[in-house]
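Worksheet for the structure shown next.
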Amino acid sequence: MDRKISVVTGGSKGIGKSIAEQLIKDGYFVIVADVDEPATTKSSGFVSCDISNYDDVVSLFGLLRKKYGHIDVLVNNAGIIRDNMIWNMPKDDFDFVVDVNLKGTWMMCKEAAKIMREQKSGKIVNISSRAWLGNNRGQSNYTASKAGIVGLTRVLALELGKYGVNVNAVAPGLIDTPLTQGLTEEVMKGLINAQPTKKVGKPEDIANAVSFLISEKSNFITGQIIHVDGGRSIGSTIF
Ligand SMILES: NC(=O)c1ccc[n+]([C@@H]2O[C@H](COP(=O)([O-])OP(=O)(O)OC[C@H]3O[C@@H](n4cnc5c(N)ncnc54)[C@H](O)[C@@H]3O)[C@@H](O)[C@H]2O)c1
């Protein structure tokens, strides 16, 4: 297939869905890899894949290699939260979040890197979170996973740079998705109040940043963490 091939994990809803739709607009053939099938299938293809399961990840890339022979873009977007203060957090919730968010991203990068290194081109964008900075109580598991993604992104940029592969991360702030729609009104109010721009971001805000990072316009950018968070990573405006 001549079309550029991209994979978006967690592309069935929320930010991932918006990224998948943007990549289609950018001319990519998009394969959504998710545990849930998209409700409305605007993506070009869907593969059922639990990114925390190495067999699923290996079989996804085996299929891609066989069917298309190359992969141009990987967006590691799938992620979950299981918030709690550390003294109340079940160990299983730590394992689950780190397994999906960090280990899943690592395994996807590992299999993609094999193909991209061989073909001497590729772009990987990992979705971290503004929370990687460690300023959310109750998110010790999530923060560990998202800070891990930052470290992973920087090391992979070093390892893959000479093979023509760019690896960057986007760190979203508060974005209106099914994930945040589960937060209480009180928590949402507090989060918005702390935000310099006093608003909630849209999934498209993240998709636009990803679109730039996979384009030719960003060819000299690698190992970077782009915060798309209405300024929240600068500090809180509560005080
Ligand atoms: N929404 C926000 O405010 C916000 C802020 C910062 C970072 N993020 C990050 O952005 C990413 C997307 O978040 P969202 O708000 O769109 O979440 P969401 O819950 O709306 O969507 C997540 C998608 O990932 C899929 N998924 C979950 N576990 C999976 C697994 N093991 N394997 C494959 N797919 C899996 C889900 O089925 C779903 O389609 C996540 O990594 C999240 O941590 C979100």
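Order of listing sets the numbers, starting from 1, for every ligand and every atom in it.
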request  = Show the numbers, then the answer: is there a side chain to side chain donor-acceptor pair (under 3.5 Å) between Thr105 and Asn126?
outcome  = CA-CA 8 Å; Thr105 299; Asn126 296 324; 5.4 Å; no

Look at ligand 1 and say whether [X] reaches it with a heavy atom at a distance under 4.0 Å.
X      : answer
Ser128 : yes
Thr9   : no
Ala131 : no

Which ligand 1 atoms are under 4.0 Å away from a heavy-atom of [X]?
X      : value
Gly14  : 16 (O), 20 (O)
Tyr142 : 6 (C), 7 (C), 8 (N), 9 (C), 42 (C), 43 (O)
Cys49  : 32 (N), 33 (C)
Thr180 : 1 (N), 2 (C), 3 (O)
Leu174 : 3 (O)
Asp50  : 30 (C), 31 (N), 32 (N)

At what distance is the nearest protein heavy atom to [atom], and which residue and atom is it?
atom                    : result
atom 29 (C) of ligand 1 : Val35 CG2, 3.9 Å
atom 5 (C) of ligand 1  : Gly173 O, 3.0 Å
atom 15 (O) of ligand 1 : Thr177 OG1, 2.5 Å
atom 27 (C) of ligand 1 : Ile80 CG2, 3.8 Å
atom 21 (O) of ligand 1 : Lys13 CG, 3.9 Å
atom 11 (C) of ligand 1 : Asn77 O, 3.1 Å
atom 24 (O) of ligand 1 : Gly10 CA, 3.3 Å
atom 36 (C) of ligand 1 : Asp34 OD1, 3.5 Å

Would you say [X] has any N or O atom under 3.5 Å from an N or O of ligand 1, going by distance alone?
X      : result
Ser52  : no
Ile51  : yes
Lys146 : yes

Quick one: does any side-chain atom of [X] pair with a main-chain N or O of [Y] as donor and acceptor, under 3.5 Å?
X      : Y      : result
Thr177 : Ile15  : no
Asn168 : Val125 : no
Asn166 : Asn219 : yes
Gln22  : Glu204 : no
Ser52  : Gly104 : no
Lys4   : Phe29  : no
Asp229 : Pro172 : no
Ser218 : Ser215 : yes
Thr197 : Gly230 : yes
Ser145 : Val98  : no

remark   = Check: of Pro203, Gly16, Pro178, min heavy-atom distance to atom 20 (O) of ligand 1 comes from Pro178

request  = Would you tell me which option among Ile127, Ile15, Ile81 has the nearest heavy-atom contact to atom 44 (C) of ligand 1?
outcome  = Ile15

query = Would you say the side chain of Met108 lies within less than 4.5 Å of the side chain of Phe61, judging by non-hydrogen atoms?
reply = yes

key: Pairing of Glu21 and Lys17 as salt bridge, 4.0 angstrom limit   = yes

ask   = Does Glu185 CD have over 12 foreign heavy atoms under 6.0 Å away?
value = no

request  = With heavy atoms only and a cut-off of under 4.0 Å, state how Ile175 meets ligand 1: side chain, backbone, both or neither.
outcome  = both

